[in-house]
Amino acid sequence: MSGNETKDGYSAVDPSRRKFLGKTAMAGLAGTGAVLGLTACGSSQQPGGKLATAASAAAPASSSGEHPEYDVPPGKLDTYYLISSGGHSGEVRILGCPSGRTIKRVPVFNIDPMSGWGITNESRAIIGTRPDGQLKYWTGDTHHVHGSYKDGTYDGKYFWVNDKLNARVARIKGDTFDVDKIIDLPNVQGHHGLFPDKRDPVDASINYTTRVFAGAEFHIPLPNDGRDENSPEKYGCLFSCIDAESMEVRWQCRIDGNMDLVATTYDGKLAASNQYNTEGGVHYEDMMSAEQDSCVFFNIARIEHAVAGGKFTTIGDSKVPVVDGRKDANADPKTALTCYVPVPKNPHGVNASPDGKYFVCSGKLSPTCSVIEIDLVHKWFDGELAKPRDAVVAEPNVGLGPLHTAFDGRGNAYTTLFLDSKIVKWNVDAAIAQFKGNTQSNVIIHTIDVHYQPGHGYTSMGETKEPDGKFFNSGNKFSKDRFLPVGPLHVETEQLIDITGEQMKLIHDHSAAPEPHDAIIVRADIIKTRQIYDLNEFPNAVKSKEESTIERNGKNVHIRLMSQAPAYSMREFTVKKGDIVTITVTNHDKVEDLTHGFGIPKYNINFCINPQETKSVTFVADKPGVFWCYCTHFCHALHLEMRSRLIVEA
């Protein structure tokens with residue numbers, strides 16, 4: 001047995017690997033002025049050198065057999081949906097929780113031959129095409145997924161996700177987990193943070209989501225049309241407000257600095273984004289010169305009042321109203337549209353506590369989390385608080401590289417520590433007491449190792465007023481030795497942690513699509529999905545065999561098909577080389593999960609049609625010959641025989 005194996009023959013975790021990861025992470029920050037004394041502050045230390053009373057638990061990941069209470073046996077269902085970004089894939093992933101099983105990949109900004117997303121005419125219309133008919137974009141980078149609210153909790157109606165790469169926002173329907181809208185944000189690059197409101201900011205009687213907010217991470221020339229490339233002082237970032245139903249951009253607000261994540265208050269009145277690069281630098285060393293960055297708050301009602309009063313401009317070809325939220329233009333709190341609360345350098349993440357009282361910004365380059373009291377921000381806007389920094393009511397030392405914070409509903413916060421490769425559990429009230437001078441306040445409750453270097457972390461129902469304090473999921477940036485190797489690029493890992501007790505307990509690992517970002521854990525009873533579609537939803541549906549025809553108009557040919565296991569409604573269809581062919585297929589089966597596929601060899605055509613659904617494709621028949629159109633999705637004992645001939649005459 002080698003030194004790296006246990007008695008059962010499995011590889012043991014090399015303890016030197018954690019040491020290596022920690023050293024390389026710190027080396028990456030060295031020389032930038034970013035360490036800021038972090039080496040003097042371990043994750044188990046309180047400010048002033050006082051050691052935490054609770055010990056760190058270096059618990060290895062456990063097999064499911066050691067935690068039978070979390071097993072989801074065959075034939076049983078998970079109790080939560082874990083709805084996660086798909087990273088570079090441009091997708092959203094749906095997992096079961098606590099099992100970690102992948103249930104569905106939702107194509108959003110990518111092409112997906114299984115569903116036909118990006119291939120069918122219907123999906124291409126949602127994604128958007130160029131004048132030549134090609135997709136406007138066929139790549140994406142999803143980071144943050146959030147759901148619609150009613151009365152402070154998820155209602156399962158919609159989910160929104162960002163595309164950082166091409167500055168887009170997509171909406172996913174909760175009853176089918178398919179995308180129904182995608183919009184482009186004007187004059188924006190690096191759209192990163194996204195969050196819906198939890199009730200209307202103007203009409204207090206509306207207790208559900210009406211707006212979605214999006215923060216831009218990269219500042220660019222405005223407009224970005226070839227002017228001012230070498231004048232960074234003229235660059236700007238825009239915070240966008242999107243109508244939740246129409247998916248149109250209502251307004252934008254120009255701010256100082258770059259934005260990362262977004263959070264909203266439970267009263268609907270404020271949205272906020274943590275900011276880095278308030279210096280406006282274009283090189284990373286230029287982004288490190290200021291002593292502090294900010295969490296910027298947006299007074300939604302005031303912004304919309306300004307827009308209604310015509311106090312806005314527009315940028316370039318966009319007709320979207322843009323208000324000025326920069327600090328110099330908002331010096332008077334009583335008329336200000338924005339409030340910049342100073343926090344330590346390069347904060348990463350802003351998260352709302354479920355009691356509606358606080359926002360927490362993590363330090364990233366400081367071993368602290370800044371707790372901002374929402375009522376005090378309101379007081380600043382009312383002119384009753386001396387300065388925005390006075391809204392900070394706690395700043396506990398939690399460990400090295402804090403990034404994102406989640407909550408359990410019992411007054412405790414859970415923060416991912418990127419450099420320490422840990423999750424730290426700390427108490428918000430204890431942190432506030434310590435900030436007020438109580439040196440005996442024990443802020444840190446427990447820490448637990450994760451593998452390795454966590455980014456986002458989130459709790460079950462933790463971003464609603466109904467947090468249940470059951471699970472915390474850690475999205476880790478590296479896995480190294482957690483899974484079978486598949487070459488230089490290792491699969492990323494997410495780890496599920498039981499947070500029901502005083503101490504956290506690691507339950508299991510599950511793999512994640514590169515790279516894991518934000519997600520939400522939603523109770524399964526909230527999601528109400530459909531079993532089949534309604535044939536009448538589709539104006540182009542082929543409703544009967546009589547409608548199953550071939551229609552020719554010059555070089556345009558429309559083939560209208562029904563699919564019903566195990567056959568298509570026509571055995572063959574003939575077109576001429578050079579014809580522009582549209583094929584419309586309606587699935588007439590009514591059995592849940594009886595989906596058909598439709599693939600054409602050599603023509604890049606492949607899509608599925610769910611029960612009672614209609615989809616279509618259009619292509620140029622530029623290759624003569626016989627092409628078997630076949631069902632690509634298993635549907636019947638005679639599935640292999642379900643095919644028709646496309647004959648293209650030379």
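- Taking a cutoff of 4.0 Å between a charged side-chain nitrogen and a carboxylate oxygen, Asp180 and Arg171 qualify as a salt bridge.
- Atom NZ of Lys480 is separated from atom CD of Glu492 by 9.5 Å, given to the nearest 0.5 angstrom.
- A distance-only check finds no donor-acceptor pair linking the side chain of Arg168 to the backbone of Val161 [under 3.5 Å].
- For an aromatic pair to be called close, the ring centres must be under 6.0 Å apart, and Tyr208 with Tyr149 fails this.
- Between atom CD of residue Glu494 and atom CG of residue Asp509 there is a gap of 10.5 Å, rounded to the nearest 0.5 Å.
- Checking His192 against Asp260 by side-chain atom types alone, a donor-acceptor pair falls below 3.5 Å.
- Looking only at distances, no side-chain donor or acceptor of Asn110 sits under 3.5 Å from a matching main-chain atom of His88.
- The line from SG of Cys361 to CG of Asn351 is 8.5 Å long, rounded to the nearest 0.5 Å.
- Closest approach of Gly140 to Asp163, counting heavy atoms only: CA-OD1, 3.3 Å.
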Would you please test Tyr458 and Asp518 for side chain to side chain donor-acceptor pair (under 3.5 Å) and show each step?
CA-CA 8 Å; Tyr458 38 91; Asp518 208 4; over 6 Å; no

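- Of the inter-residue distances, the one linking Lys164 atom NZ with His143 atom NE2 reads 5.0 Å to the nearest 0.5 angstrom.
- For Arg93 and Glu91, the salt-bridge test passes: some basic side-chain N is under 4.0 Å from an acidic carboxylate O.
- A donor-acceptor pair under 3.5 Å is absent between the side-chain atoms of Lys477 and the main chain of Phe418, judged by distance alone.
- A donor-acceptor contact shorter than 3.5 Å is absent between the side chain of Asn427 and the backbone of Asn412.
- Counting non-hydrogen atoms of other residues, nucleotides and ligands closer than 6.0 Å to OH of Tyr630 gives a total of 12 or fewer.
- Proximity of a side-chain donor or acceptor of Thr264 to a complementary backbone N or O of Pro196 within less than 3.5 Å is detected.
- For the pair Thr447/Lys425, no side-chain contact is recorded, criterion being any heavy-atom separation below 4.5 Å from C-beta on.
- For Asp449 and Lys422, the salt-bridge test passes: some basic side-chain N is under 4.0 Å from an acidic carboxylate O.
- Atom NZ of Lys470 and atom SG of Cys97 lie 10.5 Å apart (nearest 0.5 Å).
- Once rounded to the nearest 0.5 Å, the distance linking CD of Glu515 with CG of Asn476 reads 11.5 Å.
- By the 6.0 Å contact criterion, NZ on Lys173 is enclosed, its count of non-hydrogen atoms from other residues, nucleotides or ligands being greater than 12.
- Side-chain N or O atoms of Asp197 include one that pairs as donor or acceptor with a backbone N or O of Arg211 at under 3.5 Å.
- Taking 4.0 Å as the cut-off between side-chain N and carboxylate O, Asp151 and Lys465 count as a salt-bridged pair.
- At a threshold of 4.5 Å between non-hydrogen side-chain atoms, the residues Val169 and Ile182 do not count as touching.
- Checked for salt-bridge contact, Lys157 and Glu245 meet the test: a charged N lies under 4.0 Å from a carboxylate O.
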